[in-house]
Amino acid sequence: MTVLLREAIGDRLRHARTNQRRTLRDISRAARVSLGYLSEVERGQKEASSELLASICEALDLPLGELLHKVAADVSAIDNVEVAPVDEKVEAGKRRAPEREGAEAGLEGGRLVSELIGNDLADLRISPPPRMSPALRTTISAPKMVAA
């Protein structure tokens with residue numbers, strides 16, 4: 001799996017900004033960068049120059065070295081992710097979980113947690129899907145019949 005450096009940098013900048021509960025407008029003013037351009041940098045659509053990164057990091061009170069260290073850790077973590085091969089024999093529209101040795105029976109897959117735990121993408125945790133009751137529960141009652 002390959003990740004673009006500008007995407008990893010943008011993710012980290014957005015993460016730092018949202019953790020500080022600051023707006024794009026606030027950071028764009030402090031960094032003297034247009035709001036639209038800062039937004040594109042955060043979304044990984046624009047490659048930021050070193051001067052621009054330094055200005056954004058200063059506005060975020062985030063040392064540039066710390067940003068680059070975290071981005072390097074994120075990229076390393078993503079590079080170490082193994083992607084399961086696609087089984088071409090599976091019929092169109094039907095998918096099955098890849099078979100693994102020692103896999104627990106009953107666990108068909110997992111989901112990513114809704115919030116990032118820790119500071120690195122390597123800290124993402126996988127948890128089993130929530131258990132759902134097969135019974136339909138409703139608070140709607142049957143209509144009352146009125147005698148004529």
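Source: prediction; values computed, not measured.
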Shortest non-hydrogen contact between Tyr37 and Glu47, atoms and distance: OH-O, 3.5 Å
Reported CZ-to-CD distance for the pair Arg17 and Glu42, which is rounded to 0.5 angstrom: 4.0 Å
Polar side-chain atom of Arg6 near backbone of Gly44 as donor-acceptor pair, under 3.5 Å: yes
Chi angles and distances behind the side chain to side chain contact (heavy atoms under 4.5 Å, CB included) call for Leu64, Leu67: CA-CA 5 Å; Leu64 181 60; Leu67 170 73; 4.2 Å; yes
Sole residue of Asp11, Val71, Asp74, Val75 in side chain to side chain contact (heavy atoms under 4.5 Å, CB included) with Val3: Val75
Leu68 CG to Ser50 OG distance, which is reported to the nearest 0.5 Å: 10.0 Å
Heavy-atom neighbours of Glu58 CD exceed 12 at 6.0 Å: no
Under 3.5 Å: donor-acceptor pair, side chain of Ser55, backbone of Glu51: no
From CD (Glu7) to CZ (Arg43), nearest 0.5 Å: 12.0 Å
Heavy-atom closest contact (Leu38 atom, Val33 atom, distance): N-CG1, 4.1 Å
Nearest heavy atoms of Cys57 and Leu13, plus distance in Å: SG-CD2, 4.5 Å
Nearest-0.5 Å distance that lies between atom CD in Glu40 and atom CG in Leu35: 10.5 Å
Gap between atom CZ of Arg22 and atom CZ of Arg29 - 0.5 Å precision: 12.0 Å
Rounded distance (nearest 0.5 Å) linking atom OG of Ser39 with atom CZ of Arg25: 11.5 Å
